[in-house]
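As structure tokens, the structure follows; a few thoughts come after it.
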Protein chains: 2
Amino acid sequence: MDELLAGKEPRPRERADAARNRAKVLDAAAGLFASRDPRAVTMDDIAKAAGVGRGTLYRRYPDTTSIALALLDEHERGLQEKLLRGEPPLGPGAPPGERLAAFYEAMVDLLDAHIDLVLGAEAGGERLTTGAYGFWRAHVRALLAEANVPEPDVMADVLLAPLASEVYAHQRERGQTSQRIKAALRRLALAATGEGR
Amino acid sequence: MDELLAGKEPRPRERADAARNRAKVLDAAAGLFASRDPRAVTMDDIAKAAGVGRGTLYRRYPDTTSIALALLDEHERGLQEKLLRGEPPLGPGAPPGERLAAFYEAMVDLLDAHIDLVLGAEAGGERLTTGAYGFWRAHVRALLAEANVPEPDVMADVLLAPLASEVYAHQRERGQTSQRIKAALRRLALAATGEGR
DNA sequence: GGCACAAGCGGACGCGTTGTCCATTTATTC
DNA sequence: GAATAAATGGACAACGCGTCCGCTTGTGCC
């Protein structure tokens with residue numbers, strides 16, 4: 001209980017060489033994820049590319065998924081910020097269906113920009129237990145509740161499912177454009193919230 | 001071109017011991033998938049449990065996914081038959097929204113009954129390239145087209161996404177009942193086809 | 001019934017990935 | 001610059017994969 005009040009430096013600050021290596025690792029990993037099938041990147045690959053030993057890598061990250069997640073994190077934070085405090089329709093102020101549609105559109109843009117990282121991050125199929133996923137679910141759930149949709153808890157997971165990276169990647173591979181996907185998701189958002197008409 | 005007309009026995013019929021082993025393998029695999037995390041079952045496990053060698057296993061199945069798929073196949077065939085030629089609302093005759101809702105309900109029942117197999121079958125995240133998935137997509141696409149939904153190709157994948165085994169398993173783990181999930185999906189089906197009202 | 005031959009079998013092998021462990025090196029503090 | 005703690009990196013054991021090939025067993029024919 002005391003620790004909470006104690007101070008601002010619970011951990012004694014990162015050592016200079018450690019910080020340098022963290023940067024090297026993230027840098028090398030970003031390159032690897034972008035340059036080949038992100039699901040095939042191994043811990044050894046990253047260690048070699050970063051010029052550090054396996055042990056050093058495992059000290060910080062338990063697996064490749066968590067590295068992709070770390071890289072993804074900053075991009076997701078930007079969107080999360082906009083959802084909480086940005087301008088409508090992404091931020092508060094617009095009707096829930098419109099906000100949901102805007103969220104879909106932003107997520108598709110995010111998938112497009114970082115599909116390699118998202119694929120790498122979901123390699124284990126553990127997306128649903130991620131902190132980020134929890135955020136998205138809470139957001140969608142709140143919008144659904146605001147629109148008086150029944151079973152918002154179930155519906156939130158349902159409406160997030162199409163954003164799974166495999167689904168999106170598969171659609172793109174089959175020739176769909178992000179435009180068409182966005183259009184379909186917008187219609188879904190409006191229909192699900194009863195704003196269809 | 002001739003082979004098509006040639007005869008009924010392109011392959012010389014399966015040997016007795018081979019058939020016996022196939023049965024042993026499928027039997028043992030079903031037990032394993034049911035009794036532990038299906039994603040953690042290995043080819044070695046199945047070989048040991050079935051009392052056959054690794055080579056024997058690989059002769060027929062390239063990986064655990066295909067074994068789970070083989071087990072799942074007969075269950076899926078039943079539903080596919082009903083969709084094509086069964087009574088409404090599952091079969092032809094009912095309005096598309098109702099048929100989609102009925103399809104959702106049947107799929108949830110199928111997930112409930114064989115969640116272990118479905119999890120085992122999707123272990124690689126290759127669900128979307130499966131023959132079965134192609135069938136579901138074609139079915140949903142046809143219903144959407146019938147309801148004059150725009151972008152039926154995109155929408156079909158979108159509306160199938162919530163049926164991913166991980167999503168369903170995750171919802172059940174979070175305390176949702178199949179009842180509530182069915183109810184939410186029914187509403188989604190009606191909303192997406194414009195039969196909401 | 002016995003024989004020849006193809007089909008089927010199974011375990012050993014080589015490979016690549018994982019995660020851990022610890023002797024050594026390096027940064028920080030006084 | 002000495003003392004201490006943190007960080008490093010590569011060796012190691014365990015594991016799963018997929019293949020290969022000498023041996024066994026079923027099947028069709030005489």
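Since this is a predicted model, take the numbers as computed values, not measurements. The chains referred to below are lettered A, B, ... by the order of the sequence lines, with proteins before strands, and numbering in each begins at 1.
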State which residues pass side-chain hydrogen bond (donor to acceptor under 3.5 Å, both in side chains) with B:K82; sequence neighbours excluded, sorted by chain then number.
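Expected list: none.
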Indicate yes or no: does A:D45 engage A:R36 in a salt bridge with an N to O separation below 4.0 Å.
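A salt bridge is present here (some side-chain N lies under 4.0 Å from a carboxylate O).
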Tell me whether A:E151 is salt-bridged to B:R187, with the criterion being a basic N under 4.0 Å from an acidic carboxylate O.
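Salt bridge between A:E151 and B:R187, a charged N being under 4.0 Å from a carboxylate O: no.
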Find the distance [X]:[atom1] to [N]:[atom2] and express it as a whole number of Å.
| X | N | atom1 | atom2 | answer |
| --- | --- | --- | --- | --- |
| A:L57 | C:dG19 | CG | C1' | 11 Å |
| B:R60 | D:dT19 | CZ | P | 16 Å |
| B:K48 | D:dC15 | NZ | P | 10 Å |
| B:E14 | D:dG26 | CD | P | 14 Å |
| A:R13 | D:dA6 | CZ | P | 14 Å |

Verify the distance criterion only: is there a donor paired with an acceptor across the side chains of A:Y168 and A:R172 at less than 3.5 Å?
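Per modelled atom types, A:Y168 and A:R172 side chains form a pair under 3.5 Å.
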Look at the side chain of A:R15 and the base of D:dA6, then say whether one donor and one acceptor between them are separated by less than 3.5 Å.
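Such a pair exists between side chain and base.
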Residues in ring pair (Phe, Tyr, Trp, His ring centres under 6.0 Å) with B:H170, at least two apart?
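Partners of B:H170 by the ring pair (Phe, Tyr, Trp, His ring centres under 6.0 Å) criterion come out as none, since no residue qualifies.
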Distances for protein N/O vs nucleotides 13-18 of chain C N/O pairs under 3.5 angstrom?
| unit_1 | atom_1 | unit_2 | atom_2 | d |
| --- | --- | --- | --- | --- |
| C:dT18 | OP2 | A:M43 | N | 3.3 |

Close approaches to DNA chain C from residues 16-27 of chain A, in residue order (heavy atom, under 4.0 Å)
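Close to the strand are A:A16, A:D17, A:R20.
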Sequence neighbours left out, what passes side-chain contact (heavy atoms from CB on, under 4.5 Å) with A:E146? Give chain and number order.
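Partners of A:E146 by the side-chain contact (heavy atoms from CB on, under 4.5 Å) criterion, ordered by chain and then number, come out as A:P96, A:L143.
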Atom pair CG/CG of A:L90 and A:L100 - distance to nearest 0.5 Å
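Atom-to-atom, A:L90:CG and A:L100:CG are 11.0 Å apart.
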Can you see if the side chain of B:T56 gets near the phosphate of C:dG8 - specifically, an N or O under 4.0 Å from OP1 or OP2?
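Indeed not, no polar side-chain atom of B:T56 lies that close.
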N or O in side chain of B:R59 less than 4.0 angstrom from D:dC20 OP1/OP2:
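No.
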Cut-off 3.5 Å, no hydrogens considered: what does the side-chain donor-acceptor table look like for residues 118-131 of chain A, sequence neighbours left out?
| unit_1 | atom_1 | unit_2 | atom_2 | d |
| --- | --- | --- | --- | --- |
| A:E122 | OE1 | A:S165 | N | 3.4 |
| A:E122 | OE1 | A:S165 | OG | 2.9 |
| A:T129 | OG1 | A:E126 | O | 2.9 |
| A:T130 | OG1 | A:R127 | O | 2.9 |

Taking all non-hydrogen atoms of both residues, which atom of B:V140 and which atom of B:L160 are closest, and how far apart?
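So the minimum-distance heavy-atom pair works out to CG2-CD2, 4.1 Å.
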